[in-house]
**Student:** 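Attaching a single structure in structure tokens format; questions to follow.
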2 protein chains.
Amino acid sequence: MSAANDQQDIKREKILEASHQRFLHYGYSKTTMNEIAGDLSMSKALLYYYFPDKSELYMAVMRKLASDYLKHLQDKFGHFDDLRDAFLFQVNTHHDFIVNNYNFFDYFRLNEQNLPDTIWETVGHIRNAEIKLLANAIQSETEKGNIAPITNPIEVVEVFLDALHGIKVGGALPQKKLNFPHREDLEEIHNKRLLLIDIFVKGLR
Amino acid sequence: MSAANDQQDIKREKILEASHQRFLHYGYSKTTMNEIAGDLSMSKALLYYYFPDKSELYMAVMRKLASDYLKHLQDKFGHFDDLRDAFLFQVNTHHDFIVNNYNFFDYFRLNEQNLPDTIWETVGHIRNAEIKLLANAIQSETEKGNIAPITNPIEVVEVFLDALHGIKVGGALPQKKLNFPHREDLEEIHNKRLLLIDIFVKGLR
DNA sequence: GTCCTGACTTTTTTAACAAAAATATCAAAT
DNA sequence: ATTTGATATTTTTGTTAAAAAAGTCAGGAC
């Protein structure tokens with residue numbers, strides 16, 4: 001039974017990998033269950049034996065990505081020189097994550113409305129984890145006496161994350177005001193975010 | 001001829017007012033040229049005598065709103081106690097503007113893609129004016145010695161505006177991640193923006 | 001000549017429907 | 001417990017027709 005479950009888990013992993021590749025290269029709507037099954041030389045029906053439906057399969061891949069992403073963050077958090085370093089690591093990690101998985105998120109871009117509820121659970125989970133990490137960093141810096149005490153660190157972090165979120169294409173080219181930035185704009189966005197960090201840390205004074 | 005133009009301008013104003021009311025209450029797609037003409041007891045054809053088409057009529061209303069909005073900003077700018085007051089006035093004015101004209105902007109919400117180019121000219125115009133005002137405020141504060149010199153004030157203001165833009169529904173309720181916030185969230189957004197101003201001005205230290 | 005309209009044409013939206021493609025299920029085989 | 005071919009169901013796509021709205025124009029009134 002234990003071995004059987006091992007086998008099952010291995011197969012689930014294989015399916016997840018194949019799905020990830022398809023979703024990453026072609027996006028959600030342009031990959032079919034037949035294609036994923038074909039990549040694995042298995043029947044489409046078998047996919048439904050391991051995963052209830054297509055969107056749950058997608059969500060499973062997404063949870064795996066999220067898990068890896070958060071693990072990467074958490075590994076490094078806890079020992080930073082200062083608050084700026086913590087913010088910087090967060091922004092850089094996030095940037096790399098988006099760049100590396102850009103096409104995967106076409107599901108967000110295109111479907112926009114009527115997404116499965118589970119997607120927001122995962123998004124919320126990531127966000128909460130990020131908030132916790134950054135709030136801890138602030139707390140830690142406060143205790144070390146490096147920054148002035150803050151009434152509500154969580155609220156500050158929320159504003160920080162929202163502000164980061166807002167920095168997506170603006171400036172001279174507002175016509176590109178899409179919910180999701182174009183790939184070629186990712187670098188400019190990243191640079192603006194670095195500036196935001198400086199302002200947050202130092203303030204305008 | 002001059003009198004004739006006066007008459008023409010008055011009638012254009014009347015059309016603009018009636019259109020504004022319709023767009024404000026029912027949004028762009030749910031108001032018809034026939035209805036606007038009906039409100040004014042004139043023929044639809046006459047509307048086309050004064051305005052080339054529906055979207056230009058809409059844009060004319062929008063330019064009027066934008067003009068009033070900027071006038072309100074500019075009147076007060078130039079004599080503020082400090083940078084915080086300037087940012088505060090900007091955010092408050094913007095908030096009132098959105099609250100008072102909420103439904104008017106359904107055109108943005110719904111059409112999203114394929115909007116007329118002129119809309120982005122106006123949006124860009126507003127943004128540039130805001131940038132200029134705020135950058136001047138920074139410049140002025142710098143010269144008074146109230147804040148440390150800033151390499152590129154315009155870039156800072158751009159980040160500020162983008163960050164404000166980003167603060168639209170986030171937090172615990174990410175499922176409402178629409179491009180345009182729901183009406184009931186406007187107050188919460190406004191409060192977060194006030195916090196952002198504090199952080200920008202004081203910094204986390 | 002400027003302002004205005006009714007009647008008209010053109011374009012866009014909507015609904016209904018069928019065909020195709022994709023998702024999802026299941027009885028039976030291993 | 002796993003796997004599949006066959007089949008059922010749902011979603012997408014394309015077509016068409018009718019309705020509604022946008023937009024035009026010849027001509028009337030002042």
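Values below: all heavy atoms of this structure, side chains included; hydrogens, waters and symmetry mates excluded. Chain A is the first sequence line, chain B the second, and so forth, proteins listed ahead of strands; every chain is numbered from 1.
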**Student:** Using the benzene-type ring in the case of Trp, are the ring centres of B/Phe89 and B/His94 under 6.0 Å apart?
**Tutor:** no
**Student:** Along nucleotides 10-15 of chain C, 5' to 3', which nucleotides get a B, which get an S, and which get a -, given that the test is a protein heavy-atom distance under 4.0 Å?
**Tutor:** ------
**Student:** Aromatic contact between A/Phe77 and A/Phe80, with the criterion being ring centroids under 6.0 Å apart: yes or no?
**Tutor:** yes
**Student:** Could you label the plane-to-plane angle of the B/Tyr58 and B/Phe104 rings as parallel, tilted or perpendicular, counting under 30° as parallel and over 60° as perpendicular?
**Tutor:**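 It falls in the parallel class, under 30°.
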**Student:** Would you say a side-chain N or O of B/Gln8 is under 4.0 Å from OP1 or OP2 of C/dC3?
**Tutor:**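 Answer is yes, contact under 4.0 Å.
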**Student:** Please name all residues satisfying side chain to side chain donor-acceptor pair (under 3.5 Å) with B/Asn100, sequence neighbours left out, ordered by chain then number.
**Tutor:**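 B/Asn100 satisfies side chain to side chain donor-acceptor pair (under 3.5 Å) with no other residue.
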**Student:** Any residue in residues 17-24 of chain A with a heavy atom nearer than 4.0 angstrom to DNA chain D? Just list them by number, or reply none.
**Tutor:**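 Residues of residues 17-24 of chain A that come under 4.0 Å of DNA chain D do not exist, since none gets that close.
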**Student:** With a 4.0 Å heavy-atom cut-off, tell me which residues in residues 36-45 of chain B come close to DNA chain D, sorted by residue number.
**Tutor:**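 Heavy-atom contacts with DNA chain D come from B/Lys44, B/Ala45.
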**Student:** In whole angstroms, how far is the P atom of C/dC8 from the CE atom of B/Met33?
**Tutor:** 21 Å
**Student:** Taking DNA chain D as the partner, which of residues 47-63 of chain A come within under 4.0 angstrom of it by heavy atom?
**Tutor:** A/Tyr49, A/Tyr50
**Student:** Would you call A/Phe97 and A/Leu65 a side-chain contact if the rule is heavy atoms closer than 4.5 Å?
**Tutor:** yes
**Student:** Output all residues satisfying side chain to side chain contact (heavy atoms under 4.5 Å, CB included) with A/Ser67, sequence neighbours left out; order by chain, then residue number.
**Tutor:** A/Lys71
